[in-house]
Amino acid sequence: MCMWNFIGSSFGDNFVIDGIDIFKKTWIDTGRKVEVQDPLYHQKFTFTVWKIKNENKEITFASGEFSNNVYGIYMEKNN
C-alpha cells in the first residue's frame, strides 16, 4: 500500500511543486484513486492521482477538495 504525504493546501489559485505551478498546467487523470487523511481534522478522503508535464519533467500528485475551493495536495511517500 502506498503512503501519501500531505504537502499543502491551496485555494485553487497557485501551488508550486518542483518549481512548477500545478494550477497553470493541465492535470491528467492517471485513473488511480488514493485514500488520504486531512491533517487538520483527520477526515478521510478519496482523491484522484494526477500528473502534469512540463518539458522533460513529469510530476505525479494526489489532489481533491477538502471543502469548496480548498484543495489538499499529497505526494507519494518515498521509502
Side-chain angles (χ1 to χ4, degrees):
M1 180 175 157
C2 291
M3 296 297 295
W4 291 78
N5 285 334
F6 175 74
I7 60 169
S9 58
S10 173
F11 293 107
D13 51 358
N14 65 1
F15 193 88
V16 176
I17 301 175
D18 290 338
I20 300 169
D21 186 343
I22 64 172
F23 286 99
K24 289 191 167 83
K25 296 293 179 183
T26 300
W27 293 18
I28 302 163
D29 188 339
T30 65
R32 293 174 56 203
K33 303 276 187 196
V34 294
E35 187 174 281
V36 297
Q37 187 173 18
D38 175 345
L40 186 57
Y41 298 107
H42 308 291
Q43 182 178 349
K44 291 185 179 181
F45 291 89
T46 300
F47 282 175
T48 300
V49 178
W50 305 93
K51 68 180 176 181
I52 58 170
K53 295 180 181 180
N54 186 47
E55 296 174 13
N56 297 339
K57 189 182 285 189
E58 187 173 288
I59 297 171
T60 302
F61 59 95
S63 183
E65 286 183 292
F66 287 144
S67 62
N68 193 28
N69 285 330
V70 179
Y71 293 84
I73 315 289
Y74 293 76
M75 291 197 70
E76 202 164 5
K77 183 178 182 178
N78 295 327
N79 291 332

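Since this is a predicted model, take the numbers as computed values, not measurements.
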Check your understanding: Is any side-chain heavy atom of Val49 closer than 4.5 Å to a side-chain heavy atom of Trp4?
Key -> yes

**Study point:** Heavy-atom check, side chain of Phe61 versus side chain of Ile22, under 4.5 Å
**Key:** yes

Practice item. Check whether any side-chain heavy atom of Trp50 sits under 4.5 Å from a side-chain heavy atom of Asp29, and report yes or no. Key: yes

Check your understanding: In Å and rounded to the nearest 0.5 Å, what is the CG to NZ distance from Asp38 to Lys44?
Key -> 12.5 Å

Check your understanding: Should Tyr74 and Val70 be counted in the same cluster of Ile, Leu, Val, Met, Phe, Trp and Tyr side chains packed under 4.5 Å apart?
Key -> yes

Review point. Which pair of heavy atoms, one from Phe6 and one from Ser9, lies closest together, and at what distance?
Key: CZ-N, 3.8 Å

Revision key, fill the gap. Interatomic distance, NZ@Lys33 vs OG1@Thr48, rounded to 0.5 Å, equals 2.5 Å

**Study point:** Sub-4.5 Å side-chain heavy-atom contact between Ser63 and Phe15
**Key:** no

Check your understanding: Between Phe66 and Phe47, is the ring centre distance below 6.0 Å?
Key -> yes

Check your understanding: Do Phe11 and Asn69 come within less than 4.5 Å of each other through their side chains, counting heavy atoms only?
Key -> no

Check your understanding: Hey, does the side chain of Lys57 reach the backbone of Asp18 with a donor-acceptor pair shorter than 3.5 angstrom?
Key -> yes

Revision key, fill the gap. In this structure, CD1 of Ile28 is separated from OG1 of Thr26 (nearest 0.5 Å) by 7.0 Å

Review point. Does a side-chain heavy-atom distance below 4.5 Å link Tyr71 with Phe23?
Key: yes

Review point. Does any non-hydrogen side-chain atom of Met75 lie less than 4.5 Å from one of Asn5?
Key: no

Check your understanding: Do Ile17 and Ile73 come within less than 4.5 Å of each other through their side chains, counting heavy atoms only?
Key -> yes

Review point. Okay, side chain of Gln37, backbone of His42: is any donor-acceptor separation there less than 3.5 Å?
Key: yes

